[in-house]
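See structure below.
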Protein chains: 2
Amino acid sequence: MKLKDDRKVELIYQAALKLVARKGLAGITMGDISREAGIATGTLYVYFTGKDELINALFACSRANSVQVAFRGYDPSQPFKPGFRTVWMNILRYKLQHFEEVVFVEQCFHSPYITTETREKARELAAPFFDLIERGQQEQLVKQADTGLLLTFIMGALNELVKQTHYSNETLSKRKIDLTFDLCWDALKA
Amino acid sequence: MKLKDDRKVELIYQAALKLVARKGLAGITMGDISREAGIATGTLYVYFTGKDELINALFACSRANSVQVAFRGYDPSQPFKPGFRTVWMNILRYKLQHFEEVVFVEQCFHSPYITTETREKARELAAPFFDLIERGQQEQLVKQADTGLLLTFIMGALNELVKQTHYSNETLSKRKIDLTFDLCWDALKA
DNA sequence: AAGGTAAGCGAATAATTATTCATTTATGCG
DNA sequence: CGCATAAATGAATAATTATTCGCTTACCTT
């Protein structure tokens with residue numbers, strides 16, 4: 001017998017992401033996805049029971065990916081600020097490199113495809129970020145405000161920056177990146 | 001003869017906004033909109049040539065509305081910080097009260113409905129915000145960084161805050177609002 | 001190497017949704 | 001008041017899109 005091809009799932013994901021970033025979640029069809037992926041429409045249904053499942057799976061995958069890289073190189077024994085910087089940079093770099101995921105996740109949040117279950121699992125993934133900010137608060141380096149509020153503020157700013165950068169299709173210079181980090185840090189610092 | 005009813009356009013807009021905030025741009029049909037608005041599907045085509053035009057018109061309208069209220073009560077002869085605070089508050093208040101517009105505009109940005117023409121007109125509306133930040137820079141109160149970058153940062157943070165607030169369905173307390181303003185101001189200030 | 005099993009295909013079908021249109025209803029105008 | 005005109009209706013139609021299915025192809029197992 002023939003086995004499922006894991007690379008094909010990846011192919012499908014990439015096709016869907018690309019199309020959503022270009023035309024929005026409202027503008028993609030199963031036909032579009034299969035064409036972009038270079039496979040037959042029917043094959044999509046070998047890997048997913050339908051459009052809903054495809055999008056839920058891609059959503060879960062996208063969220064997990066972005067969190068996974070965030071703490072790469074983070075050393076808790078380091079002082080807080082450079083540690084925070086490492087994580088912040090990881091997130092920014094990831095979002096810039098995976099712009100399509102950023103758009104896709106955003107579009108999914110208010111959409112009929114994502115189930116509450118999928119949405120809740122995504123929420124849980126944010127726990128390490130809360131821990132990080134709380135550490136900064138314990139060390140009196142970060143404002144004693146609602147942690148969720150601070151996180152929201154930073155993530156919103158980052159997301160918008162990435163979108164704006166993509167639109168203006170400049171590459172974000174090191175100078176601009178450092179500057180934006182300063183904006184974030186000045187906002188957070190006690 | 002019978003005349004077109006301006007309130008009906010408003011009714012259609014409200015219905016569409018409500019549905020998009022609930023189910024996303026991908027999840028609304030002309031049938032849904034007419035049902036929610038309490039009118040017949042055919043009537044939609046009296047007021048709009050089709051779905052594309054409806055959504056483009058609503059997008060343009062939503063953007064214009066939010067800008068229109070931003071400078072209410074702003075007095076250029078006032079010092080910069082309180083003036084900036086007034087505008088910032090106007091924007092926050094508007095976004096909180098018109099959450100559905102926030103979601104709608106966001107979803108539209110990457111969608112097959114919005115024409116480049118509509119998108120460009122929306123961009124032009126941002127000019128007064130640039131002017132405001134530039135004033136702060138001239139007075140040495142705001143960091144000498146790319147103005148667009150600063151604006152993007154602030155607007156992204158505000159948007160995310162509004163979305164997060166809506167999700168957690170708490171009302172944003174005065175304390176939290178003041179706190180978030182401090183985050184913004186600390187980020188911007190030279 | 002051969003057989004069996006599941007992937008892969010894409011045209012056909014089913015379901016959904018945008019749009020039209022014949023008809024009815026409301027209202028401004030003489 | 002009654003006609004003319006355009007809005008309003010919603011069932012019918014057209015267009016689009018998700019999903020299925022009979023068939024072919026690839027490849028794993030023995």
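Within every chain, numbering begins at 1; the chains are lettered A, B, ... in the order of the sequence lines, protein sequences first and strands thereafter.
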So [X], base contact, sugar-phosphate only, or nothing? Heavy-atom distance under 4.0 Å.
| X | answer |
| --- | --- |
| A:Tyr47 | sugar-phosphate |
| A:Thr29 | sugar-phosphate |
| B:Leu44 | nothing |
| A:Leu54 | nothing |

How would nucleotides 19-30 of chain D be written as a contact map, 5' to 3', with B for base contact, S for sugar-phosphate-only contact and - for no contact, using protein heavy atoms under 4.0 Å?
BB-----SBB--

With [X] via ring-ring contact (aromatic ring centres under 6.0 Å, His included) - residues at least two apart:
| X | answer |
| --- | --- |
| A:Phe130 | none |
| B:Phe109 | A:Tyr167, B:Phe59 |
| B:Tyr113 | none |

Taking B:Gln107 for the side chain and A:Gln107 for the main chain, is one N or O donor matched with an acceptor at less than 3.5 Å?
yes

Strictly distance-based, threshold 3.5 Å: is any side-chain N or O of B:Gln164 a donor or acceptor partner for the main-chain N or O of A:Thr152?
no

Residues in salt bridge (charged side-chain N to carboxylate O under 4.0 Å, His left out) contact with A:Asp146, at least two apart in sequence or another chain
B:Lys176

A:Val69 with A:Val67, same ILVMFWY side-chain cluster at under 4.5 Å:
no

Give me the residues of residues 5-22 of chain B where at least one heavy atom lies under 4.0 Å from an atom of DNA chain C, by number, or none.
none

Sort and list the pairs that fulfil salt bridge (Lys or Arg N to Asp or Glu O under 4.0 Å) and have at least one residue in residues 61-89 of chain B, not counting sequence neighbours.
B:Arg85-B:Asp178

Show me the pairs that pass salt bridge (Lys or Arg N to Asp or Glu O under 4.0 Å) and involve residues 151-165 of chain B, at least two apart or across chains.
B:Glu106-B:Lys163, B:Glu160-B:Lys163

Can you name the closest pair of heavy atoms from A:Lys51 and A:Thr29 and give their distance?
NZ-CA, 4.4 Å

Please list, in 5' to 3' order, the outermost nucleotides of DNA chain C lying under 4.0 Å from any heavy atom of chain A.
C:dG4 to C:dG10

Excluding sequence neighbours, so at least two apart, what forms side chain to side chain donor-acceptor pair (under 3.5 Å) with B:Lys8?
none

Mind listing the side-chain donor-acceptor pairs of residues 91-103 of chain B below 3.5 Å, one per line with the distance, residues two or more places apart or on another chain?
from: B:Arg93; atom 1: NH2; to: B:Asn90; atom 2: OD1; distance (Å): 3.0
from: B:Tyr94; atom 1: OH; to: B:Glu101; atom 2: OE1; distance (Å): 2.9
from: B:Tyr94; atom 1: OH; to: B:Glu101; atom 2: OE2; distance (Å): 3.2
from: B:Lys95; atom 1: NZ; to: B:Asn159; atom 2: OD1; distance (Å): 3.1
from: B:His98; atom 1: ND1; to: B:Tyr94; atom 2: O; distance (Å): 3.0

Could A:Lys143 and B:Asp182 be called an ion pair, given the rule that one side-chain N must be under 4.0 Å from one carboxylate O?
no

Describe, as an angle rounded to 10 degrees, how the axis at the first end of the helix from C:dA1-D:dT30 to C:dG30-D:dC1 is tilted relative to the axis at the last end, five pairs per end.
20°

